[in-house]
S.K.: 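Before anything else, here's the structure in question.
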2 protein chains.
Amino acid sequence: MQRPTIKTIAQETGLSIATVSKALKHSPQVRPETRAIVIEAATRVGYELNMHGVQLRTGKTYQVAAIMTAPGPKQNEWEGVEYAQLLSGISWALEDSPYRVSLYAVRNFEESQAVIKQIVSLKKADGIIISGTRADDPRIRTMQAADFPFVTYGTSIHNAPHAYVDADNEQMIRVSMARLVERGHRRIALLNPLSDLSYGITRLEAYKHALEVAGLSFDPALVAHGRLTPAFGRENVLTMSELANAPTAYICANEASALGAFSGFHERGLVHGRDAVINATDDLNVSQYFAPPITTYYLPISEPSSLLGAYILRRMEGEPPEALQTLLMPDLIERCDDRLNPNR
Amino acid sequence: MQRPTIKTIAQETGLSIATVSKALKHSPQVRPETRAIVIEAATRVGYELNMHGVQLRTGKTYQVAAIMTAPGPKQNEWEGVEYAQLLSGISWALEDSPYRVSLYAVRNFEESQAVIKQIVSLKKADGIIISGTRADDPRIRTMQAADFPFVTYGTSIHNAPHAYVDADNEQMIRVSMARLVERGHRRIALLNPLSDLSYGITRLEAYKHALEVAGLSFDPALVAHGRLTPAFGRENVLTMSELANAPTAYICANEASALGAFSGFHERGLVHGRDAVINATDDLNVSQYFAPPITTYYLPISEPSSLLGAYILRRMEGEPPEALQTLLMPDLIERCDDRLNPNR
DNA sequence: ACAAGAAAGTTAAACGTTTTTATCGTGCAT
DNA sequence: ATGCACGATAAAAACGTTTAACTTTCTTGT
C-alpha cells in the first residue's frame with residue numbers, strides 16, 4: 001500500500017487537491033462542512049503530511065540547527081557543558097511544532113562560523129541556536145546581516161538587539177563575592193572560562209567591581225581563564241595554593257572545574273573549610289555529592305534550554321528579538337557555612 | 001539573485017537538465033569532457049544541490065535519527081551518559097556524507113518505541129541509532145520487521161543479527177572481578193544499571209560467573225539496579241556499608257554513580273583503601289580527579305560513537321548487519337592498588 | 001554495405017505540496 | 001431580467017530533482 005497523499009483524499013472525497021490542501025490548513029476559503037468531510041477522509045485513510053513536498057514548495061526546511069561546539073574526537077574530557085540536556089530541552093520545546101532539531105557538531109569557533117554561514121546562505125534551516133557566545137561575535141553579525149532567526153545561549157555586546165537566554169552572571173558573581181567577603185574571605189580566586197567568551201568577561205567585570213566595593217585590591221594571579229575541565233580546576237588550585245598569599249576561596253565557573261579543584265585540594269593536603277573553600281556554578285546538582293558538598297549557584301539546565309526552544313519558535317514566527325531576552329538568576333544553595341574554621 | 005539550480009547550469013552550458021543531473025552524480029552515461037564542462041559551470045555559478053528536490057523525488061530523507069532517552073525536563077540529574085559526546089561523534093562520522101543527524105529526545109522507553117514506529121512507518125529518516133537496549137527489545141523487532149537500517153549502542157539477544165556497538169561488559173566484569181578477588185576482596189558489590197537493560201544483565205551474569213569461579217557465594221544484597229545517578233551510588237553505599245558483612249569493594253557502572261559512592265563514603269566516615277574501594281567504568285576520564293583517584297575501565301566515548309556513525313552509513317548502503325558488530329574492551333587504568341590497607 | 005548495438009544526450013513525467021488564477025453558481029440590488 | 005459581487009471550489013503551475021523511455025549518432029562484426 002502506498003502512503004496516502006492529498007490526492008488520495010481528493011479522490012476519496014471527489015474534491016480537488018487544492019481544496020483538500022486548503023481544508024487541511026484551515027483556510028477560510030473552504031466551508032466548514034467541506035472541511036469536515038476532508039478531515040474525516042484524512043483520518044480514515046491515515047493521511048500524514050509529507051514534509052518533502054512542503055519543503056520543496058515553500059522553501060521552508062522546518063529544521064532548527066543546533067550548533068554544538070564539542071572538543072575534537074580525540075578529547076574525551078568532561079567539560080560539564082550539559083549539551084545533552086540542553087538539546088533535549090530544546091527538542092521538547094519544539095515537540096508540538098513541525099520543527100525538528102538538526103545537529104551540527106563543530107570542533108571550534110572557526111568551524112562554527114563556517115557552518116553558520118553555510119546554513120544561512122543555503123538555507124539549510126529556518127533558525128539557529130548557538131552557545132558559547134563571544135562579546136563581539138562574528139556569527140551573530142552574520143545572522144543579523146542576513147536577517148536570519150536565531151537565539152543565543154549567552155549574551156553579547158552587539159548594537160542590534162538579538163534573542164538570548166543566559167544565566168545572570170553579573171548578579172551571580174556580585175552575590176557570591178559579597179557573601180564570601182562577609183564570611184571573612186580577603187583572597188578570592190576566580191576560575192573563569194576562556195577569556196573571549198562573553199560570560200567570562202561579564203564575570204570578570206563583576207568580580208573586579210565587587211573587589212572595589214569591598215575595598216580589596218585586584219590581583220591577576222588569582223584569576224585564571226581556560227576550558228572548564230577538571231584538569232583546569234586542579235592545575236589552578238595547585239599553583240594558586242602555593243602563592244605567598246594563597247586564596248581562601250575559589251569560585252569555579254562550573255561543576256567540572258570544581259571537581260578538579262577538589263582534586264587539587266587532595267593533592268596538596270588542603271582541607272575544605274579549614275584551608276579554603278570552593279564555590280561553584282552548577283547545572284546538574286552534582287555538587288551536592290562532592291565530599292564535602294559545596295555551596296553552589298544552581299540553575300537547572302532545563303530552564304534555559306526550554307526557553308531557547310520557545311524563543312527560536314517565536315523568532316521564526318517573526319517576533320522581534322527585543323521581546324526574547326532573558327537572564328536567569330541561579331538559586332543559591334548553601335551547603336557549607338564557608339567560613340574558615342581552623343579546628344576542622 | 002536566485003539560488004542556482006541544475007536548470008541554471010543547463011542554460012549556462014546548453015545541455016539538458018537531465019545531462020547536468022547525471023554529470024553531477026558521475027553517471028557513466030555522460031562523457032568525461034561533458035562532465036568537465038558541467039562541473040566547471042556548477043562551480044562558477046556556485047551551485048549547491050537542493051536536498052528538498054532530491055528528497056521529494058527519491059523519497060530519501062538523508063536524515064539519521066538519533067534517539068536520545070533523557071529524563072524529563074524536571075529531572076536535572078547527572079547520569080554520566082555522555083550523549084553530547086556520543087552525538088557529536090556520530091555527527092562527525094557523517095560529516096562527509098549527505099546525511100545529517102536529526103535529534104529525537106524522548107522521556108522513556110515507551111516514548112522511544114512510539115517515536116521509532118513513527119519514523120519507520122512515515123519514513124522520517126533513513127536510519128536510526130538507539131541506545132539503552134534491552135535484552136529483548138521491541139524497538140529492534142519493529143525495525144527488523146520493516147527492514148529498516150539501524151545500529152544500536154548496546155547488545156540484545158534477538159535471533160536475527162543486527163548492527164551494534166558496545167563495551168565488552170562481560171570481559172570487563174570478568175577481569176575486574178578476578179583482579180579484586182586476587183587482591184583479597186571477598187565481598188564485592190555490583191552497582192548495576194536498570195535490570196531490564198541488556199548490559200545490566202550481561203554484567204550480572206558475568207558477576208555471578210566470576211563469583212562461582214572464585215568459589216564465592218552470591219549475595220543479592222550486594223547487587224543493586226537503578227538509574228546510574230550520583231544519588232544511586234550514594235544510597236547504595238549508605239545501605240550496603242551497614243550490612244553485617246559489608247562489601248570491601250564497589251563496582252560502579254559509571255562515573256556518576258562512583259561519585260555518589262564517594263559521597264556515601266564521606267557520610268559514613270569510610271576511607272577509600274582502608275575500609276573499602278571503588279572501581280568504575282568511565283567514559284570521560286573523570287575518575288582521575290576523584291579524591292583519591294580510582295581504578296577504572298576506560299573506554300573513550302569517541303570510539304563507540306564514531307563506530308556508530310560509520311556503521312549506520314554502511315548499513316544504509318545495504319551492508320549486512322553481521323559485518324557491523326563490535327564489542328570494545330575498555331582499558332584498565334589502575335590508579336589504586338586496591339588492596340585494603342588498615343594503616344591508612 | 002548493412003543490421004545491430006552501444007554511447008551520449010534529450011524529453012517528459014513524476015514525487016507532494018502550495019498558491020495564483022480561473023470558473024461557476026447563487027443571492028442581491030437595480 | 002440584467003449585471004455584479006461574492007463565496008466556494010477547480011485548474012494549473014511551480015518548487016528542484018531523478019529516471020524511464022526515447023532519439024540520434026557512432027561502432028562494429030559479418
Side-chain angles (χ1 to χ4, degrees), chain A residues 1-42 45-63 98-100 121-126, chain B residues 1-42 45-63 98-100 121-126:
Chain A
M1 240 302 274
Q2 274 300 322
R3 174 171 167 185
T5 70
I6 51 171
K7 210 166 166 181
T8 320
I9 302 181
Q11 282 163 355
E12 206 75 14
T13 58
L15 293 163
S16 74
I17 61 162
T19 311
V20 172
S21 170
K22 287 175 187 156
L24 289 173
K25 41 184 14 218
H26 292 137
S27 156
Q29 281 184 41
V30 12
R31 277 204 323 226
E33 303 92 71
T34 322
R35 162 154 45 253
I37 295 174
V38 170
I39 302 281
E40 187 278 326
V45 301
Y47 171 77
E48 284 262 1
L49 183 59
N50 183 325
M51 284 315 238
H52 295 331
V54 181
Q55 288 166 342
L56 178 57
R57 172 63 222 230
T58 63
K60 290 194 67 172
T61 65
Y62 291 100
Q63 306 261 355
Y99 293 91
R100 292 290 126 226
S121 69
L122 297 178
K123 192 135 185 24
K124 295 192 160 212
D126 299 330
Chain B
M1 240 302 273
Q2 273 301 320
R3 177 171 166 186
T5 71
I6 50 171
K7 209 163 165 182
T8 319
I9 303 181
Q11 282 164 355
E12 206 74 14
T13 58
L15 293 162
S16 76
I17 61 162
T19 312
V20 173
S21 172
K22 287 175 187 159
L24 290 173
K25 43 185 13 220
H26 293 136
S27 157
Q29 280 184 43
V30 10
R31 281 201 321 226
E33 303 91 72
T34 319
R35 164 157 37 256
I37 295 173
V38 170
I39 303 279
E40 186 277 327
V45 301
Y47 171 77
E48 284 264 359
L49 183 60
N50 182 326
M51 285 315 246
H52 295 329
V54 181
Q55 288 166 340
L56 178 57
R57 170 65 223 231
T58 63
K60 291 194 67 172
T61 66
Y62 291 100
Q63 306 262 356
Y99 293 91
R100 291 287 126 229
S121 68
L122 297 178
K123 194 130 185 28
K124 294 190 159 213
D126 300 330

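These figures come from a predicted structure and were not determined experimentally. Chain A is the first sequence line, chain B the second, and so forth, proteins listed ahead of strands; every chain is numbered from 1.
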S.K.: Do you know the tightest heavy-atom contact between B/Pro4 and B/Gly46?
M.R.: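 Shortest heavy-atom contact: CG-O, 3.6 Å.
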S.K.: Please tell me if B/Thr34 has a side-chain N or O lying less than 4.0 Å from either OP1 or OP2 of C/dG9.
M.R.: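 Indeed, a polar side-chain atom of B/Thr34 lies that close.
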S.K.: Round to a whole Å and report the spacing from CZ of A/Arg35 to C1' of D/dT9.
M.R.: 14 Å
S.K.: Between the protein and nucleotides 13-15 of chain C, are there any N/O to N/O pairs under 3.5 Å, and if so, what are the atom names and distances?
M.R.:
{"from": "C/dA14", "atom 1": "N3", "to": "B/Arg57", "atom 2": "NH1", "distance (Å)": "3.4"}
{"from": "C/dC15", "atom 1": "O2", "to": "B/Arg57", "atom 2": "N", "distance (Å)": "3.3"}

S.K.: Tell me the bend of the helix from C/dA1-D/dT30 to C/dT30-D/dA1 as the angle between end helix axes, each from five pairs, rounded to the nearest 10 degrees.
M.R.: 50°
S.K.: Can you tell me how far CD1 of A/Ile39 sits from CD1 of A/Ile9, rounded to the nearest 0.5 angstrom?
M.R.: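 The CD1 atom of A/Ile39 is 8.5 Å from CD1 of A/Ile9, to the nearest 0.5 Å.
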S.K.: If I compare all heavy atoms of B/Pro98 with all of B/Met51, which pair ends up nearest, and what's the gap?
M.R.: CB-CE, 3.9 Å
S.K.: Determine yes or no for a side-chain-to-main-chain donor-acceptor pair under 3.5 angstrom, with A/Thr19 supplying the side chain and A/Leu15 the backbone.
M.R.: no
S.K.: List the residues meeting side chain to side chain donor-acceptor pair (under 3.5 Å) with B/Ser21, not counting sequence neighbours, and say none if there are none.
M.R.: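 None.
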S.K.: Applying ring-ring contact (aromatic ring centres under 6.0 Å, His included), name anything that partners B/Tyr62, two or more places apart in sequence or on another chain.
M.R.: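 Result, ring-ring contact (aromatic ring centres under 6.0 Å, His included) vs B/Tyr62: B/Tyr99.
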S.K.: Could you tell me which residues satisfy side chain to side chain contact (heavy atoms under 4.5 Å, CB included) with A/Ile17, sequence neighbours excluded, listed by chain and number?
M.R.: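 With sequence neighbours excluded, A/Ile17 shows a side chain to side chain contact (heavy atoms under 4.5 Å, CB included) to A/Ile6, A/Lys7, A/Ala10, given in chain and number order.
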S.K.: I need the OH-P distance between B/Tyr62 and D/dT17, as an integer number of Å.
M.R.: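 In whole Å, D/dT17 P and B/Tyr62 OH are 12 Å from each other.
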S.K.: Could you check how far CZ of B/Arg3 sits from P of D/dG16, rounded to whole Å?
M.R.: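 That distance rounds to 8 Å.
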S.K.: Might you point out which heavy atoms bring B/Glu12 and B/Ala41 nearest each other, and give the distance in Å?
M.R.: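 So the two residues come closest at CG-CB, 4.4 Å.
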S.K.: For B/Thr61, what residues pass the side chain to side chain contact (heavy atoms under 4.5 Å, CB included) criterion, not counting sequence neighbours?
M.R.: A/His52, B/Gln63, B/Ala125, B/Asp126
S.K.: Drop me the distance from B/Leu56's CG to B/Asn50's CG, to the nearest 0.5 angstrom.
M.R.: 10.5 Å
S.K.: Which pairs pass salt bridge (charged side-chain N to carboxylate O under 4.0 Å, His left out) with one or both residues in residues 15-39 of chain A, sequence neighbours excluded?
M.R.: A/Arg31-A/Glu33
S.K.: So does B/Val54 get a backbone contact from the side chain of B/Thr58, meaning a donor-acceptor N/O pair under 3.5 Å?
M.R.: yes
S.K.: Go through residues 19-33 of chain B and report each residue with a non-hydrogen atom lying under 4.0 Å from DNA chain D, sorted by number.
M.R.: B/Ser21, B/Lys22, B/Lys25
S.K.: Below 3.5 Å between N/O atoms, which protein atoms pair up with nucleotides 4-6 of chain C? Just atom names and distances, please.
M.R.:
none

S.K.: Expected output is a numbered-order residue list: members of residues 8-15 of chain A with a heavy atom under 4.0 Å from any atom of DNA chain D. What is it?
M.R.: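 When residues 8-15 of chain A is checked for heavy atoms under 4.0 Å from DNA chain D, the hits, listed by number, are A/Gly14, A/Leu15.
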S.K.: Taking salt bridge (Lys or Arg N to Asp or Glu O under 4.0 Å) as the definition, give me every residue that meets it alongside A/Lys60, ordered by chain and number, with sequence neighbours left out.
M.R.: none
S.K.: What's the OH-C1' distance between B/Tyr47 and D/dG16, to the nearest Å?
M.R.: 7 Å
S.K.: Under the side chain to side chain donor-acceptor pair (under 3.5 Å) test, which residues partner B/Glu40, sequence neighbours left out?
M.R.: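 For B/Glu40 the side chain to side chain donor-acceptor pair (under 3.5 Å) partners, ignoring immediate neighbours, are B/Arg44.
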S.K.: Would you check if the side chain of B/Arg3 reaches a backbone N or O of B/Tyr47 as a donor-acceptor pair within less than 3.5 Å?
M.R.: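 No; judged by distance alone, with no hydrogens or angles, the pair does not exist.
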